[in-house]
Novice: 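Here it is: the structure, laid out below.
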Amino acid sequence: MVICVTMVAWQMGRITWVAIAIYVIMLIIQFITVGCAQPIRGKVLKTTDARVKLMNEILTGIRVIKYYCWEKPFKGKVELKNTEKMAWIMSVGIDCMMSTIPNIVPLVCFSLYPSVMGKPLTSSVAFTSFTLFNMLQMPFAMLPMIAFMFVQFK
């Protein structure tokens, strides 16, 4: 990761600090969102366990349920609850953020390059920098998850 940042700095110059600032802001936002999602995730795990237990009971006693026509009451118990919907929405939001921010970094850097560096952006600089930004995407995306896993296991 340090080698990639050094190579980006060699290619892009002072604009590298803009990219690092965007990545740091992204990390802070990810820490906050993952921290807010942890309590909801705990609730979702409890309701998911209850649903799995209920589904096992339903599958075990399916003949009795069909015989007494209890499909509608059991269907109401199996449907998704609000906490699971909220967890799904939060996971979609986090995935959207993790896929959008790394694409914004090269866009901002390439748009600032001519004005800051005082020379036009050449294809060799653009393609090399874009490749390096793509290599940096995964380590920066994994840092918050690794940090929270480390905290969770302590």
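Since the model is a prediction, treat every value here as computed from it, not as a measurement. These values consider heavy atoms only, across backbone and side chains, with no hydrogens, waters or symmetry-generated copies.
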Novice: Quick check for you: to the nearest 0.5 Å, what is the distance between Leu121 atom CG and Ser111 atom OG?
Specialist: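 Going from CG on Leu121 over to OG on Ser111, the span is 10.0 Å.
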Novice: Measure the OH-CD distance between Tyr23 and Gln137 for me, rounded to the nearest 0.5 Å.
Specialist: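 Between atom OH of Tyr23 and atom CD of Gln137 there are 6.5 Å.
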Novice: Say whether Val64 and Ile62 are linked into one hydrophobic cluster, either directly or through other cluster members, by side-chain heavy-atom distances under 4.5 angstrom.
Specialist: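 Result: yes, single cluster for both.
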Novice: What is the minimum heavy-atom distance between Val18 and Val108, and which atoms define it?
Specialist: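 Taking every non-hydrogen atom into account, CG1-CG1, 3.9 Å.
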Novice: Under the side chain to side chain contact (heavy atoms under 4.5 Å, CB included) test, which residues partner Thr128, sequence neighbours left out?
Specialist: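 By the side chain to side chain contact (heavy atoms under 4.5 Å, CB included) rule, Thr128 matches Gln11, Leu132.
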Novice: Between atom CG of Leu136 and atom OG1 of Thr131, what is the distance when rounded to the nearest 0.5 Å?
Specialist: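 Interatomic distance, Leu136 CG to Thr131 OG1, rounded to 0.5 Å: 11.0 Å.
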Novice: Hey, could you give me the CZ/OG1 distance between Phe133 and Thr16, rounded to the nearest 0.5 Å?
Specialist: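 Phe133 CZ to Thr16 OG1: 6.5 Å, rounded to 0.5 Å.
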Novice: Kindly write out the residues that satisfy side-chain hydrogen bond (donor to acceptor under 3.5 Å, both in side chains) with Ser115, not counting sequence neighbours, or none if the list is empty.
Specialist: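 Here no residue qualifies.
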Novice: Can you tell me how far the CH2 atom of Trp17 sits from the SG atom of Cys109, to the nearest 0.5 Å?
Specialist: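 It is 12.5 Å, given to the nearest 0.5 Å.
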Novice: Does Ile25 have any side chain to side chain contact (heavy atoms under 4.5 Å, CB included) partners at least two apart in sequence or in another chain, and if so, which?
Specialist: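 If we apply the side chain to side chain contact (heavy atoms under 4.5 Å, CB included) test to Ile25, skipping adjacent residues, the hits are Ile29.
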Novice: Kindly give the heavy-atom pair with the smallest separation between Pro106 and Phe130, and that separation in Å.
Specialist: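 Smallest heavy-atom distance, with atoms named: CB-CD1, 3.9 Å.
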Novice: Can you list the residues that meet the side chain to side chain contact (heavy atoms under 4.5 Å, CB included) rule with Lys119, with sequence neighbours excluded?
Specialist: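 Lys119 satisfies side chain to side chain contact (heavy atoms under 4.5 Å, CB included) with Tyr113, Met117 only.
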Novice: Under 3.5 Å, which donor-acceptor pairs do the side chains of residues 52-60 form with other protein atoms, sequence neighbours left out?
Specialist:
from, atom 1, to, atom 2, distance (Å)
Asn56, ND2, Val52, O, 3.4
Thr60, OG1, Asn56, O, 2.6

Novice: Looking only at non-hydrogen atoms, find the nearest pair between Phe110 and Ser129 and report the distance.
Specialist: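 The pair with the smallest heavy-atom distance is CE2-CB, 3.9 Å.
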Novice: Are Trp10 and Ile20 connected in a single hydrophobic cluster, I mean Ile/Leu/Val/Met/Phe/Trp/Tyr linked by side-chain heavy atoms less than 4.5 Å apart?
Specialist: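 Different clusters: Ile20 never reaches Trp10 through Ile, Leu, Val, Met, Phe, Trp or Tyr contacts under 4.5 Å.
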Novice: May I ask whether Ile3 and Val125 are part of the same hydrophobic cluster, defined by side-chain heavy atoms of I, L, V, M, F, W, Y residues being less than 4.5 angstrom apart, directly or through others?
Specialist: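 Shared cluster, yes.
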Novice: Could you tell me which residues satisfy side chain to side chain contact (heavy atoms under 4.5 Å, CB included) with Val116, sequence neighbours excluded, listed by chain and number?
Specialist: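 Arg14, Ile15, Leu112.
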